[in-house]
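Have a look at the structure below before the remarks.
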There are 2 protein chains.
Amino acid sequence: MGDVRCDDDDRACADDPRVETLVTELIGRVADKWTMLVLEVLDEHGTLRFGGLNRRVAGISQKMLTQTLRHMERDGMVTRTVYPVIPPRVEYALTPLGASLGEAFCGVWIWAAKHRERVEAARRLFDGRPT
Amino acid sequence: MGDVRCDDDDRACADDPRVETLVTELIGRVADKWTMLVLEVLDEHGTLRFGGLNRRVAGISQKMLTQTLRHMERDGMVTRTVYPVIPPRVEYALTPLGASLGEAFCGVWIWAAKHRERVEAARRLFDGRPT
DNA sequence: ATCGTTACTTACCCAAAGGTCTGTATAAAT
DNA sequence: ATTTATACAGACCTTTGGGTAAGTAACGAT
């Protein structure tokens, strides 16, 4: 039961060091806490302005929202459309690439939903708390 | 092209706050950088000792390996088997739960393999570097 | 003339992550 | 007697993440 690797699509899980590098980056930067939440909100609402995102992402600071959006833009996950009006109007939307990352991460969401009880039980056991 | 949510399995991606909490924890703690790398190595090699893991995980410090293994053990991802011999011998192996998380994250690996070029191209474009 | 609005940028600061180094136990090998 | 091997734990210190707050620009409304 340990040998079951993941070979659904292609040779993806292989030992390509460049893929490994990207995955490490994904875990560490692209797919950090805020990125995932922004991605989820954009996936739900389609196009949103800065303020709208700030209101919906729940707990994010202006600074982190800006930073996160810049990273996502750099990685080709979102488009940033500036309308030269006053007061400024900037719209953000997911690219197909961004949407596909969301779908990829959906597997983790499903896992979390499916195994939540089990993880919490394991923690209680480990911590020696009563059942 | 923006409405495509992820409804592969069940109502997983829904708005259950407990799931959201767990996912946030997953991204932030359970499924952090080192956890994923340890998980991958254990999935490849089956059972490994502390030293073997330390040698194979590439760049991890002793402290972080210990910490990561403790967290994974607490979450029910790995088993820790101590043999009371001198010098000490401790073996680590994935549980079925741990293996299933690896499979869930495999979607991200596949995504990374499939879209690596695209992400790197987007970055070059954003950074204004030559093609 | 001043205020409000929007989307930032920048400076400052604190807490957490994480690396390095040292200590520990114990028996077998030299 | 000293060294070696193993799997840690703990102290110390640097780096990074991330929050707060203030500043900016430019125009319409009061």
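Labels below follow one simple rule: chain letters A, B, ... track the order of the sequence lines, proteins then strands, and each chain is numbered from 1. Here the structure is a predicted model, which means the values were calculated and not measured.
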Has B/R70 got a side-chain N or O lying under 4.0 Å from the OP1 or OP2 atom of D/dA9?
yes

Using atom CG of A/L37 as one end and atom C1' of D/dG18 as the other, report the distance to the nearest whole Å.
15 Å

Atom CZ of A/R80: over 12 foreign heavy atoms under 6.0 Å
yes

Want to settle it: does B/G52 or A/G59 sit nearer the 5' end of DNA chain D, counting the closest nucleotide to each?
B/G52

Of the listed nucleotides D/dT6, D/dC8, D/dC27, the one nearest the side chain of B/V90:
D/dC8

More than 12 heavy atoms from other groups under 6.0 Å of CZ on B/R70
yes

Round to a whole Å and report the spacing from CG of B/N54 to P of D/dA5.
15 Å

Validation row: B/V41, B/L37 side chains within 4.5 angstrom (heavy atoms):
no

Can you tell whether the side chains of A/E120 and A/R123 come within less than 4.0 Å, N to carboxylate O?
no

Between D/dC8 (C1') and B/Q62 (CD): distance, integer Å:
7 Å

Starting from P on D/dT6, measure out to CZ on B/F50 and report it in whole angstrom.
12 Å

Nearest to the B/R80 side chain among D/dC27, D/dA22, D/dA7, which nucleotide is it?
D/dA7

Mind calculating the distance between NZ (B/K63) and P (D/dA9) to the nearest angstrom?
12 Å

A/H115 side chain vs A/W111 backbone, donor-acceptor pair below 3.5 Å:
no

Which ILVMFWY residues can you reach from B/I86 by hopping between side chains whose heavy atoms are under 4.5 Å apart?
none

Just verifying a value: how many Å separate B/M36 CE and B/L39 CG, rounded to the nearest 0.5 Å?
5.5 Å

So what does B/Y83 touch, heavy atoms closer than 4.0 Å: a base, only the sugar-phosphate, or nothing?
nothing

To the nearest Å, how far apart are A/I86 CD1 and D/dC27 P?
5 Å

Heavy-atom contact window of chain B on DNA chain C, given 5' to 3' at under 4.0 Å
C/dG18 to C/dA27

Send over the distance from B/L69 CG to D/dA9 P, rounded to a whole Å.
11 Å

Rounded to whole Å, how long is the line connecting atom CG of B/D32 with atom C1' of D/dG17?
15 Å

Just compare D/dA9, D/dA7, D/dT20 and give me whichever is closest to any side-chain atom of B/P88.
D/dA7

